Protein chains: 2
Amino acid sequence: MHQPKNLQSAGLKSTTPRLKILSLFENSKERHLSAEGIYNILHSSGEDVSLATVYRVLTQFEQAGLLLRHHFESEKSVFELNLGKHHDHIVCLQCDHVEEFYDTAIEARQKKIAADHGFTIHEHSLYIYADCTKRNCPNKR
Amino acid sequence: MHQPKNLQSAGLKSTTPRLKILSLFENSKERHLSAEGIYNILHSSGEDVSLATVYRVLTQFEQAGLLLRHHFESEKSVFELNLGKHHDHIVCLQCDHVEEFYDTAIEARQKKIAADHGFTIHEHSLYIYADCTKRNCPNKR
DNA sequence: AATGCGAATGAGAATGGTTATCATTTGCGC
DNA sequence: GCGCAAATGATAACCATTCTCATTCGCATT
Ligand SMILES: [Mn+2]
Ligand SMILES: [Mn+2]
Ligand SMILES: [Zn+2]
Ligand SMILES: [Zn+2]
């Protein structure tokens, strides 16, 4: 089961703001971006898209299955391209570094726990908050 | 390692709003409560505490280790008494029913994953979103 | 029990992320 | 190129939460 690669196949007409935002996700080295982050990146490269449109497009892309939305500990939503491979996240509390992981044991335990409680899982969110080891991370001080 | 049972031992002078809110958590059948929920419960029993104070007290209690704060899928924070036993949550997407669980396998895998990535875990949040089986849950139709 | 003072509270303004409104512009089938 | 529904931009509104500041309260000391 694959995601549509273009806007039309997602039922969205291809407009300038949508194309800019989609290509930003496809080309940025940061996989995980907030609305404000996208807005700032676009403006600093001279591409003016209104903040309202950034929010609208992100929501549309999420509904179309192009993007996934995350709620990390910060109060702003963070988005990433939906490549169809589920994974969870380790988020550095000092810098904004995010690492992805997938653990079959955890996934299996979750299924079993929900079943044992008589629940039908829709989705889950697992965020590990930690200190990372990046050279330039402020937790290195 | 135990939590303080009273306000003084948490370094908080015992005021009327604080005592009301603490006893609400100790006596309510709902373990997981939002600021607005607390405000409403207090007001419907004639106990008037301003919403600003509810928010202030919740934050103070959290900092004192008396309460834990959660960010479920809804945009408002949810609090529960900190009884010192870590657990994760299954949240029904239809009603607000919450079940708690603790799984040693998941906890162990998380530690290992963080270590493998060179991170030092501070905390984690694992929320399973699902449909529950309560008789009166709207997902029953 | 009255006093005094710093901490706590209440009322409402302010904030920050996000959504809604509405006039104007744009994509795109004809 | 036309026409119109859909998309956008500017800005107001929203909503949970925090802040401001004048008033009140807890509590230690007379
Ligand atoms: Mn990711
Ligand atoms: Mn709980
Ligand atoms: Zn870091
Ligand atoms: Zn339910």
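Values in this document were obtained by computation on a predicted structure and should not be read as measured data. Basis for what follows: all heavy atoms, side chains included, without hydrogens, waters or symmetry-related copies.
- Using modelled atom types and a 3.5 Å distance limit, the side chains of A/Glu73 and B/His122 yield no donor-acceptor pair.
- Closest to the side chain of B/Arg18, from the set D/dT8, D/dA6, C/dA8, is C/dA8.
- Under the 3.5 Å distance criterion, the side-chain polar atoms of B/Arg18 are left unmatched by any main-chain donor or acceptor of B/Val57.
- Between B/His71 and A/His71, a ring centre-to-centre spacing not shorter than 6.0 Å is recorded.
- The distance from atom CG of B/Leu12 to atom P of C/dA7 is 13 Å, rounded to the nearest whole Å.
- Atom pair B/Leu58:CG and D/dC19:C1' shows a separation of 17 Å (rounding to whole Å applied).
- Dashed line: the shortest gap from a side-chain N or O of A/Thr15 to OP1 or OP2 of D/dT8 is under 4.0 Å.
- For A/Lys13, the listed nucleotide lying nearest its side chain is D/dA6; candidates were C/dA8, D/dA6, D/dG9.
- Ring centroid separation for the pair A/His124 and A/His86 comes in under the 6.0 Å cut-off.
- Distances shown here put a side-chain N or O of B/Ser77 below 4.0 Å from the OP1 or OP2 atom of D/dT17.
- With DNA chain D read from its 5' end, the first of the two nearest nucleotides for B/Ala35 and B/Ser14 is the one closest to B/Ala35.
- For the pair A/Lys20 NZ and D/dG9 C1', the computed distance is 13 Å after rounding to whole Å.
- The side chain of B/Val57 sits closest to C/dT9 out of C/dG17, C/dT9, D/dT18.
- With rounding to whole Å, A/Asp48 atom CG is found 8 Å from D/dA10 atom P.
- Distance NE2 (A/His70) to C1' (C/dT18): 19 Å, rounded to an integer number of Å.
- Take the nearest nucleotide of DNA chain D for B/Arg69 and for A/Thr16: the residue whose nucleotide is more 5' is A/Thr16.
- Under 4.0 angstrom from either OP1 or OP2 of D/dG9 there lies at least one side-chain N or O belonging to A/Ser50.
- Using a 4.5 Å heavy-atom threshold, the side chains of A/Glu80 and A/His87 count as touching.
- Here the side chain of A/Ala52 is nearest to one of C/dG12, D/dT11, D/dA7, namely D/dT11.
- Following rounding to the nearest Å, A/Glu47 (CD) and D/dG9 (P) show an atom-to-atom distance of 12 Å.
- When the P atom of D/dA16 is taken as reference, atom CZ of B/Phe72 falls 17 Å away, rounded to whole Å.
- Here C/dG17 is the nucleotide among D/dA7, C/dG17, D/dG26 with the atom lying nearest to any side-chain atom of A/Lys76.
- Protein atom CD of B/Glu62 is 14 Å distant from nucleotide atom C1' of D/dT18, rounded to whole Å.
- B/Ser34 comes within 4.0 angstrom of nothing in the nucleic acid, heavy atoms only.
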side-chain contact (heavy atoms from CB on, under 4.5 Å) between A/Ile41 and A/Leu33, intermediate numbers included: CA-CA 10 Å; A/Ile41 293 173; A/Leu33 296 168; 4.2 Å; yes
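- At a cut-off of 3.5 angstrom, counting only N and O atoms as typed in the model, there is a donor on one side and an acceptor on the other between the side-chain of A/Arg56 and the base of D/dG9.
- For A/Tyr55, the listed nucleotide lying nearest its side chain is C/dT19; candidates were C/dG27, C/dT19, C/dG10.
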